[in-house]
A.B. asks: 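Just passing along the structure, written as structure tokens.
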Amino acid sequence: MTITLNHYLLLAGMLFCIGLYGALAKQNAISILMGIELMLNACVINLVAFNRFMAPNHLVGHAFGLFVIALAAAEVAVGLALVLTVYRDLLSVNIQDFDWLKW
Amino acid sequence: MSVSAIVFWIIAAVILGSAISVVTAHNLVHAAFFMVLTFFGVSGLYVLLEADFLAVVQILIYVGAVAVLIVFGVMLTQRKEMAQTNAFSRHKWVAAFLVILLQILFGYAVTHTPWLVVDEAAPDTTVGLLGEMMLTELVIPFEAVGILLLVAVVGAIILTKGARRIL
């Protein structure tokens, strides 16, 4: 049995769904950031798999994978800075306590 | 079954198992370490897809930078005991329902789309081709990502230090 494009796409889909579940169902803001990282990883797997199976000699999927990795690094830096700033004022990382914009 | 197929199934099991552990582990530090294992698995998948440069970049950035940053975030924010730091919120069941629905949709979409798969060999090494592409065809997105990283660095510094103390 050979591994086709569908196997990679389904694996990436499952990883995306696990990451989405982590981002939706967690209380801790840092767990939510970890879920988002898993989702971005799943997206890059998709990009690279499409590149390998549909246009192996034109590496545009790899290039966009690199851009997504750079975006993920920027996102986690800003996200953790936000979490640390909020923690300093509220002494909590539970997102149920983050209610400054609610009334 | 060929060798690459066996390797694929092993890597798939590692990725899915450790990703589920990231979500279900009770201790947030354990979840971060399981996330490192997931990143290694994804890097193995890139090797299998003949994306050598991306596999190295994945280890360098995700394992070397993102995971360390997240462990530091845990260290700087948790005060009480670590045993129950990765708890679920009250939306747990709604989220599980939505995610399973999305997974069924993904499965249907992937298996019912006729993909235009071509049977060509991949280039031996991708580094040279990628470098050439970044400086010719994709130079605008490349510069845009550079500016984005600069903005993210400045934003992170201002957020943690406070704008009044810097300006």
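Residue numbers start from 1 in every chain, and the chains themselves are labelled A, B, ... in the order their sequence lines are given, proteins ahead of strands. Note that the coordinates shown come from a computational prediction; the quantities given were computed from them, not determined experimentally.
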A.B. asks: Report the relative orientation of the aromatic rings in Tyr8(A) and Phe8(B); use parallel for angles under 30°, tilted for 30 to 60°, perpendicular for over 60°.
C.D. replies: perpendicular
A.B. asks: By the definition side-chain contact (heavy atoms from CB on, under 4.5 Å), identify the one residue from Leu15(A), Val48(A), Leu11(A), Val44(A) that meets it with Leu45(B).
C.D. replies: Leu11(A)
A.B. asks: Would you say the side chain of Leu71(A) lies within less than 4.5 Å of the side chain of Val145(B), judging by non-hydrogen atoms?
C.D. replies: no
A.B. asks: With a 4.5 Å cut-off on side-chain heavy atoms, are Leu9(A) and Phe106(B) touching?
C.D. replies: no
A.B. asks: Tracing side-chain links under 4.5 Å among I, L, V, M, F, W and Y, which residues wind up in one group with Val139(B)?
C.D. replies: Ile140(B)
A.B. asks: Between atom OG1 of Thr77(B) and atom CG of Asn94(A), what is the distance when rounded to the nearest 0.5 Å?
C.D. replies: 11.5 Å
A.B. asks: Please state whether the side chain, the backbone, both or neither of Gln96(A) comes within less than 4.5 Å of a heavy atom of chain B.
C.D. replies: side chain
A.B. asks: Name the region of Ala144(B), side chain, backbone, both or neither, that has any atom closer than 4.5 Å to a heavy atom of chain A.
C.D. replies: neither
A.B. asks: Rounded to the nearest 0.5 Å, how far apart are NE2 of His91(B) and NZ of Lys26(A)?
C.D. replies: 13.5 Å
A.B. asks: What's the separation between atom CZ in Phe39(B) and atom CG in Leu38(A), rounded to the nearest 0.5 Å?
C.D. replies: 6.0 Å
A.B. asks: Can you list the residues of residues 59-68 of chain B that sit under 4.5 Å from chain A, counting heavy atoms only?
C.D. replies: Ile61(B), Tyr62(B), Val66(B)
A.B. asks: Could you check which of Ala152(B), Ala31(B), Ala12(B), Ser89(B) has the highest count of heavy-atom pairs closer than 4.5 Å to chain A?
C.D. replies: Ser89(B)
A.B. asks: More than 12 non-hydrogen atoms from neighbouring residues, nucleotides or ligands closer than 6.0 Å to CD on Glu137(B), yes or no?
C.D. replies: yes
A.B. asks: Using the side-chain contact (heavy atoms from CB on, under 4.5 Å) criterion, which residues pair with Val7(B)? Sequence neighbours excluded.
C.D. replies: Val3(B), Ile11(B), Leu48(B)
A.B. asks: Do you know which of Ser4(B), Ala96(B), Gly107(B), Gly155(B) has the most heavy-atom pairs with chain A at a distance under 4.5 angstrom?
C.D. replies: Ala96(B)
A.B. asks: Checking heavy atoms, do the side chain of Leu80(A), its backbone, both or neither come under 4.5 Å from chain B?
C.D. replies: side chain
A.B. asks: Side chain from CB out, backbone as N, CA, C, O: work out which of these in Trp93(B) comes under 4.5 Å of a heavy atom of chain A, or both, or neither.
C.D. replies: neither
A.B. asks: Would you call the rings of Phe67(A) and Phe142(B) parallel, tilted or perpendicular if under 30° counts as parallel and over 60° as perpendicular?
C.D. replies: tilted
A.B. asks: Of the backbone (N, CA, C, O) and the side chain (C-beta and beyond), which part of Val110(B) lies under 4.5 Å from a heavy atom of chain A, both, or neither?
C.D. replies: both
A.B. asks: So which residue, Val22(B), Val151(B), Thr38(B), Leu16(B), ends up with the most heavy-atom pairs under 4.5 Å with chain A?
C.D. replies: Leu16(B)
A.B. asks: Quick one: what part of Leu5(A) sits under 4.5 Å from any heavy atom of chain B, side chain, backbone, both or neither?
C.D. replies: side chain
A.B. asks: Any chance you could measure Leu84(A), atom CG, to Thr160(B), atom OG1, to the nearest 0.5 Å?
C.D. replies: 7.5 Å
A.B. asks: Would you say that Ser2(B) contacts Thr2(A) through its side chain, given a criterion of any heavy-atom pair below 4.5 Å between the two side chains?
C.D. replies: no
A.B. asks: Among Leu149(B), Val23(B), Leu49(B), which has the most heavy-atom pairs under 4.5 Å with chain A?
C.D. replies: Leu49(B)
A.B. asks: Kindly indicate whether the side chain of Leu24(A), heavy atoms from C-beta on, has any atom under 4.5 Å from the side chain of Val94(B).
C.D. replies: no
A.B. asks: Sequence neighbours excluded, which residues qualify as side chain to side chain donor-acceptor pair (under 3.5 Å) partners of Trp115(B)?
C.D. replies: Asn6(A)
A.B. asks: Roughly how far, to the nearest 0.5 Å, is CD1 of Ile20(B) from OH of Tyr21(A)?
C.D. replies: 11.0 Å
A.B. asks: Are Tyr46(B) and Ile45(A) packed together at the side-chain level, in the sense that at least one heavy-atom pair is separated by less than 4.5 angstrom?
C.D. replies: yes
A.B. asks: Out of curiosity, Gln103(B) CD to Ile18(A) CD1, how far, rounded to the nearest 0.5 Å?
C.D. replies: 8.5 Å
